[in-house]
Amino acid sequence: MSLFAVIDTETTWGDEVMSIGVVIADSKTFEIKEKRYYILTPFNNHGGMYTYALYADGIEPDIEGPRKKAMDELIDFLVFNNVLNIFAYNASFDYRHLPELRFLNWYDIMKLAAYKQHNPKIPDNAECYSTGRLKRGYGVESIYRMLSENPGYCELHNALADAVDELEIMKLLDIEIEAYLCAKIS
């Protein structure tokens, strides 16, 4: 796999997708090659915990329109870039909300980031299950702070900014992309 995608969604109070952020990265360097941001109408007006972040930091959507239009463009974007593999933090959430992308291979970043055997920054005194997974504090914000050693980091909750941050988690873990085969969800 030479290129892969990291995806994040934000949803409304009614559990409808209101925005999608996607970054395409090189599987060796984890450097961003392309990115796209979609705001889905009319769901962007339905309200959600992170509605305020739809345009945060001046981030403008590539498409602001109906879901079908955004998903058609997203699929074309992924196919054009020969992306077959999608990564997300807590991937089952995004996978469930984006059935149009189930033809791709999905991998969960959290399945490596939250485990002692894969994340050397997890402190020895952290409470973990016998599997090595943290019992608490394994969300994006906590893991990003741990890996970057930046205690002031706050997740923006903008789908594109969050996809970039999730890619950065992968980069900071410094694990070859093939190691994520154990994190496949579909």
Side-chain angles (χ1 to χ4, degrees), residues 1-111 113 139-141 144 154-171 177 180 183-186:
M1 101 180 62
S2 62
L3 295 176
F4 67 94
V6 177
I7 197 162
D8 186 67
T9 58
E10 296 299 339
T11 56
T12 66
W13 293 120
D15 203 33
E16 297 289 343
V17 176
M18 66 178 166
S19 62
I20 305 167
V22 182
V23 292
I24 292 179
D26 180 272
S27 63
K28 297 291 181 210
T29 64
F30 293 82
E31 295 299 321
I32 295 174
K33 298 297 181 188
E34 299 267 358
K35 48 182 144 174
R36 289 283 193 282
Y37 181 49
Y38 306 93
I39 294 178
L40 308 183
T41 60
F43 305 110
N44 61 319
N45 294 319
H46 288 190
M49 188 178 295
Y50 302 115
T51 302
Y52 70 88
L54 285 171
Y55 303 95
D57 284 356
I59 297 171
E60 292 291 327
D62 293 286
I63 290 180
E64 185 166 348
R67 181 179 177 121
K68 178 161 179 21
K69 180 180 179 183
M71 293 307 298
D72 287 348
E73 200 282 337
L74 174 54
I75 290 168
D76 289 346
F77 173 63
L78 295 171
V79 169
F80 177 80
N81 284 286
N82 297 312
V83 170
L84 301 173
N85 301 293
I86 296 223
F87 292 74
Y89 203 94
N90 191 19
S92 60
F93 180 85
D94 299 296
Y95 180 79
R96 182 169 44 89
H97 285 87
L98 299 171
E100 301 92 334
L101 300 181
R102 289 191 183 154
F103 69 96
L104 298 163
N105 301 309
W106 281 73
Y107 300 89
D108 193 341
I109 299 164
M110 185 173 69
K111 288 190 177 181
V140 168
E141 199 165 281
Y144 191 100
C154 291
E155 193 173 359
L156 191 55
H157 297 292
N158 170 284
L160 181 58
D162 291 355
V164 170
D165 290 349
E166 291 169 20
L167 173 63
E168 186 65 16
I169 286 172
M170 294 176 74
K171 198 174 188 178
I177 203 80
Y180 287 89
K184 189 173 184 186
I185 66 163
S186 75

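Everything numeric here is computed off the predicted structure, so don't read it as measured data.
Not one N or O on the side chain of Asp57 forms a donor-acceptor pair closer than 3.5 Å with the backbone of Ile59. Here the side chain of Asp26 pairs a donor or acceptor atom with the backbone of Lys28 at under 3.5 angstrom. Glu34 places no side-chain N or O within donor-acceptor distance of the main-chain N or O of Ile24, the cut-off being under 3.5 Å. Under the 3.5 Å distance criterion, the side-chain polar atoms of Asp8 are left unmatched by any main-chain donor or acceptor of Gly21.
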Can you list the steps and then say if Tyr144 with Glu155 is a side chain to side chain contact (heavy atoms under 4.5 Å, CB included)?
CA-CA 9 Å; Tyr144 191 100; Glu155 193 173 359; over 6 Å; no
I'd like to know whether Glu141 forms a side chain to side chain contact (heavy atoms under 4.5 Å, CB included) with Asp165, so could you lay out the CA-CA distance, the side-chain angles of the two residues, the decisive distance to 0.1 Å, and finally the verdict.
CA-CA 9 Å; Glu141 199 165 281; Asp165 290 349; over 6 Å; no
So Ile7 and Leu74, side chain to side chain contact (heavy atoms under 4.5 Å, CB included) or not? Walk me through it.
CA-CA 11 Å; Ile7 197 162; Leu74 174 54; 4.2 Å; yes
Carefully, step by step, assess Glu10 and Met49 under the rule side chain to side chain contact (heavy atoms under 4.5 Å, CB included).
CA-CA 9 Å; Glu10 296 299 339; Met49 188 178 295; over 6 Å; no
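Residues Thr51 and Asn44 have side chains not in contact (no heavy-atom distance under 4.5 Å, counting atoms from C-beta outward). The shortest distance between side-chain heavy atoms of Ser19 and Phe43 does not fall below 4.5 Å. For the pair Asn81 and Lys33, the minimum side-chain heavy-atom distance is 4.5 Å or more. Counting heavy atoms from C-beta outward, Tyr89 and Val6 have side chains that stay 4.5 Å or more apart. Between Leu101 and Trp106, the closest side-chain pair of non-hydrogen atoms falls below 4.5 Å.
Residue Arg96 comes nearest to Pro99 through the heavy atom pair O-CD, 3.9 Å, listed as atom of the first residue, atom of the second, then distance. Ile109 and Tyr180 get closest at one heavy-atom pair: CA-CE2, 4.0 Å. Listed here is the closest heavy atom pair of Leu54 and Ile39: O-CD1, 3.9 Å. Across all their heavy atoms, Pro66 and Thr41 have their closest contact at N-OG1, 3.3 Å. Residues Lys35 and Asp62 come closest through the heavy atom pair O-OD2, 4.1 Å. Closest non-hydrogen pair, Ala113 versus Ile169, comes out as CB-CG2, 4.2 Å.
Between Met71 atom CE and Leu98 atom CG the span is 5.0 Å, to the nearest 0.5 Å. Summarising the geometry, atom CZ belonging to Arg67 is positioned 7.5 Å from atom CD belonging to Glu16; distances are rounded to the nearest 0.5 Å. Here the straight-line distance linking atom CG of Leu84 with atom CG of Asn105 works out to 6.5 Å at 0.5 Å rounding. For the atom pair Asn85 CG and Ile177 CD1, the distance stands at 7.5 Å (nearest 0.5 Å).
Note on ring orientation: taking the six-membered ring where Trp is involved, the planes of Phe87 and Phe4 are perpendicular (angle over 60°, cut-offs 30° and 60°).
Under the rule for a ring-ring contact (aromatic ring centres under 6.0 Å, His included), the partners of Phe93 that lie at least two apart in sequence or sit in another chain are His97. Applying the ring-ring contact (aromatic ring centres under 6.0 Å, His included) rule to Tyr50 yields the partners His157; only residues at least two apart in sequence or on another chain are considered.
Looking only at atom types and distance, the side chain of Tyr37 has a donor-acceptor partner in the side chain of Asn158 under 3.5 Å away.
Among residues at least two apart or in separate chains, side-chain hydrogen bond (donor to acceptor under 3.5 Å, both in side chains) pairs with a member in residues 69-78 are Arg36-Glu73, Tyr38-Glu73, Lys68-Asp72.
Open room surrounds CZ on Phe80; 12 or fewer heavy atoms of other groups in view lie less than 6.0 Å from it.
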